[in-house]
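Only a predicted model underlies this, so the values are computations on that prediction, with no experimental measurement involved. What you see below is based on every heavy atom in this structure, not just the backbone, and it leaves out hydrogens, waters and symmetry mates.
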Amino acid sequence: MLARILVIIAFLGIVGTPLAIRFTSTDGSVDRGDAARLIVVTPHVQQIMTEFDRAFDAWHLEHYGQRVRLEVRRPGGTTEILKILEAQFAAAARSGRITVGENGSVEVERGAIDFDVMFGGGSFDHGRLKSGVAIRLPDGRELTVPMSEPAGFDQSRLNAWFGDNAIGAGYLYDPDQYWIGTALSSFGIVFNRDILSRLGVPEPDSFEDLCDPRLAGWIALSDPRQSGSITTSLDAILNYYGWEKGWRVLMAMSANARSFTNMSTKPPIDVAQGEAAAGLAIDFYGRSQAQAVMRPGETAATSRVGFSDPAGAVYIDADPASPLRGSPEPELARRFIEFCMTEEAQSLWQFYATSTERGRDNPVGWDGEPMGPREYELRRMPVRRVMYEKYAGSFVDAVTPFESASTVKSQGWRTAIPIMMGAFGIDSSTEQRAAWRAMNDARSRPGAAPESIAEMERVFFALPMHTMPDGSVLPFTAENYKAIRESWRDPDHPDWLQRSELSYRSQFVANYRRVIELAAAVPAHSTP
């Protein structure tokens, strides 16, 4: 009996410790007494939150005379966070904590939502907070309620922080202030130099390089149905190359994939461990893995793991904070965003850690001490232009986001990516990879006629036909996409998206089998 109890205690210790780290986070090295509490829901890693917790407390004490601590909730990525917030708003509506006034204004009771601010994620997901959630009130009325609220800063202050509200084709902050960009994120390629050398493949400097047949089984990707950040990256690739070529790049990249993980943090780890040659990654994850495996004397150009921002094609997005509607501490949430825009907070993203030899010489801040993170070098890009103008020489990385950001505007194709990637790659990976191998093997045969290879490629990269609810059939083209997308949302046919996905997958699988048949017919030797 005692042995069984000890086993249970050990199991709870193993399970409970990660959960404690995952859901709460404060700087335990300092006794903050009765500090004010700001509850932050975030996809950010623990290192980021540790540095911001420590620095925000010091700044808030200096400027407002009160200690403060961040209580961090990390339930997963942005997709999971949005689901939790939607559930909280629905529960608040059922319990009568969301009401409609006589003038039609919607009020959300303070404290009805558990979190004060959402910190991190892309502008698309923070835009979804602004777009809101559909709720039903106890009296049966249905309405859509924004899950965030305007920060309420004077425009003069926003102008001082940001200047022109633009990064490439995107915004640095929401014009209505429902979200404020606090950092920048790029989506590039993380790669393993040792594996690439062994395969005889050069270092990638474009997304097309990930389509090289020699990389079959060596590309690490995330499932866009699970990760909002990878969807943003794939959407940027599709928009950059255009509808026809963009889908070909995504399909070839998918055919080279070794697997599809449900976490955007996993591909850089796989690459660093030598389980993949390259993959798509947010800049922070890619550069962090490169730093983690860097040996003494190595640099970013010589380390085993490298990170590439494809010139002209890289999508750079604001990484915002959003004050949440119905939060317990709205004023403290606003102060946190104010702090995030200071030069001291911006230095946390890209300066050397002050505990290191390089960091001891960092420029000083308001307190006369070197600015920057104390322990962890975060290697993110600041959002304020002044940081690049004044402090670029103090950065860990030579980054120039305002010069390198792609200016290609989104064409509104994002919603197609999880659906199509699932149909042509993730859910039909066995058939796709077999067809990819067969086609590339046939291409290398001396007896392969150009017209045979062209036909195989046409079939392999063919997009499906879409059946509308009225029975009409449309090719899956850019011109037809809006109508197709609306059919997925048809309230009279709530299962149409699922039926369409099954149809697409069947068509892709049939195409892959046809490619294998065509490849088998290619002779091994050229005819005399």
Side-chain angles (χ1 to χ4, degrees), residues 36 38 40-42 44 48-64 66 68 70 116-123 126-127 129-130 148-167 170-185 284 316-324 327 329-351 362-367 369-373 378-392 394-395 399 401-402 405:
L38 181 73
V40 181
V41 63
T42 181
H44 280 326
I48 291 175
M49 299 314 303
T50 296
E51 295 293 349
F52 271 80
D53 176 43
R54 182 186 296 129
F56 180 48
D57 174 48
W59 178 88
H60 196 270
L61 180 63
E62 172 69 17
H63 290 80
Y64 292 97
Q66 183 184 28
V68 64
L70 302 184
D116 294 304
V117 63
M118 177 171 164
F119 183 41
S123 62
H126 283 260
L129 290 177
K130 176 182 179 180
S148 56
E149 59 187 7
F153 295 111
D154 291 338
Q155 186 61 46
S156 59
R157 176 171 287 194
L158 295 173
N159 293 342
W161 285 341
F162 295 103
D164 184 23
N165 183 19
I167 176 72
Y171 287 124
L172 294 171
Y173 62 91
D174 173 57
D176 299 319
Q177 299 191 46
Y178 280 82
W179 57 261
I180 305 292
T182 61
L184 297 173
S185 294
F284 166 74
I316 297 179
D317 188 29
D319 194 305
S322 289
L324 297 175
S327 68
E329 296 287 346
E331 180 57 28
L332 196 57
R334 187 177 182 275
R335 292 178 187 175
F336 177 72
I337 295 174
E338 178 187 2
F339 159 73
C340 287
M341 303 315 301
T342 64
E343 292 183 12
E344 288 77 13
Q346 290 287 293
S347 73
L348 297 176
W349 294 120
Q350 187 54 228
F351 278 20
N362 286 350
V364 299
W366 57 266
D367 57 359
E369 296 295 323
M371 294 191 295
L378 305 180
R379 302 188 70 176
R380 299 293 296 269
M381 295 185 291
V383 73
R384 291 187 59 187
R385 289 179 173 87
V386 67
M387 301 302 293
Y388 302 89
E389 297 164 359
K390 291 175 61 174
Y391 304 117
S394 301
F395 284 7
V399 288
F402 290 96

> Looking at CD of E338 and CZ of R157, how far apart are the two atoms once the value is rounded to the nearest 0.5 Å?
Replying inline: 4.5 Å
> Taking only residues two or more places apart in sequence, or in another chain, which ones meet W59 in a side-chain hydrogen bond (donor to acceptor under 3.5 Å, both in side chains)?
Replying inline: H63
>> Pairing donors with acceptors under 3.5 angstrom, does anything connect the side chains of S185 and D317?
In response: no
>> Less than 6.0 angstrom from the centroid, inside 45 degrees of the normal: does R384 satisfy that with respect to the ring of F162?
In response: no
> If you take all heavy atoms of A151 and I180, which pair is closest and at what distance?
Replying inline: CB-CG1, 4.3 Å
>> Give me the atom names and distance for the closest heavy-atom approach of L172 to A318.
In response: O-CB, 3.9 Å
> Do K130 and D176 have side chains that get closer than 4.5 Å, going by heavy atoms?
Replying inline: yes
>> Centroid separation under 6.0 Å, is that true for the rings of F284 and W349?
In response: no
> How long is the gap from CD1 on I337 to OG1 on T182, to the nearest 0.5 Å?
Replying inline: 8.5 Å
>> Between T342 and W366, is the side chain to side chain contact (heavy atoms under 4.5 Å, CB included) condition met? List the steps.
In response: CA-CA 10 Å; T342 64; W366 57 266; over 6 Å; no
> Nearest 0.5 Å, what's the CG-CG distance between L324 and L129?
Replying inline: 6.5 Å
> Any donor-acceptor pair under 3.5 Å linking the side chain of E51 with the backbone of P373?
Replying inline: no
> Does the S148 side chain pair with the main chain of S322, one donor and one acceptor, at a distance under 3.5 Å?
Replying inline: no
>> Is any side-chain heavy atom of L332 closer than 4.5 Å to one of D116?
In response: no
>> Holding to side-chain hydrogen bond (donor to acceptor under 3.5 Å, both in side chains), I want the full list of residues that pass it with Q155, two or more places apart in sequence or in another chain.
In response: N159, Y173
> What are the two closest heavy atoms between F52 and F339, and how far apart are they?
Replying inline: CD2-CE2, 3.8 Å
>> I'd like to know if the side chain of R334 reaches the main chain of G152, judged simply by a donor and an acceptor atom lying under 3.5 Å from each other, with no hydrogens or angles considered.
In response: yes
>> Using ring pair (Phe, Tyr, Trp, His ring centres under 6.0 Å), reason through F119 and H44 one step at a time and then give a plain yes or no.
In response: CA-CA 8 Å; F119 183 41; H44 280 326; 4.8 Å; yes
> Of the non-hydrogen atoms in E149 and P330, which two are nearest, and what is the gap between them?
Replying inline: OE2-CB, 4.0 Å
> Atom NE2 of H60 and atom CD of E62: how far apart are they, to the nearest 0.5 Å?
Replying inline: 12.0 Å
> So, D154 side chain and S156 main chain: donor-acceptor pair closer than 3.5 Å or not?
Replying inline: no
> Would F336 and L70 satisfy side chain to side chain contact (heavy atoms under 4.5 Å, CB included), going step by step from the backbone distance to the final call?
Replying inline: CA-CA 10 Å; F336 177 72; L70 302 184; 4.1 Å; yes
> Can Y64 and R335 be said to form a side chain to side chain contact (heavy atoms under 4.5 Å, CB included), step by step?
Replying inline: CA-CA 10 Å; Y64 292 97; R335 292 178 187 175; 3.5 Å; yes
> Short question: side chain of Q346, backbone of M387 - any donor-acceptor pair under 3.5 Å?
Replying inline: no
>> Test of understanding: with salt bridge (charged side-chain N to carboxylate O under 4.0 Å, His left out), list the residues that count as partners of D319, not counting sequence neighbours.
In response: R380
>> Applying side-chain hydrogen bond (donor to acceptor under 3.5 Å, both in side chains), can you list everything that pairs with E343, at least two apart in sequence or on another chain?
In response: K390, Y391
> Of the non-hydrogen atoms in M371 and S347, which two are nearest, and what is the gap between them?
Replying inline: CB-OG, 3.4 Å
> Taking the side chain from N165 and the backbone from Y171, do they hold a donor-acceptor pair closer than 3.5 Å?
Replying inline: no
> Out of V41, V40, T42, which residue meets the side-chain contact (heavy atoms from CB on, under 4.5 Å) rule with M118?
Replying inline: V41
> Residues two or more places apart in sequence or in another chain: which of them pass salt bridge (charged side-chain N to carboxylate O under 4.0 Å, His left out) with E344?
Replying inline: none
> Minimum heavy-atom separation for P401 to M381, with atom names?
Replying inline: CB-SD, 3.7 Å
> Looking at residues at least two apart in the chain, or sitting in another chain, which of them share a ring pair (Phe, Tyr, Trp, His ring centres under 6.0 Å) with Y388?
Replying inline: F395, F402
>> Checking the side chain of D367 only, and the main-chain atoms of E369 only, is there a donor and an acceptor separated by less than 3.5 Å?
In response: yes
>> Check this for me: does any side-chain nitrogen of one of E389 and R385 sit under 4.0 Å from a carboxylate oxygen of the other?
In response: no
>> Under the criterion side chain to side chain contact (heavy atoms under 4.5 Å, CB included), I'd like the reasoning laid out for W179 against S123: C-alpha separation, chi angles, the key distance, then a yes or no.
In response: CA-CA 8 Å; W179 57 261; S123 62; 3.8 Å; yes
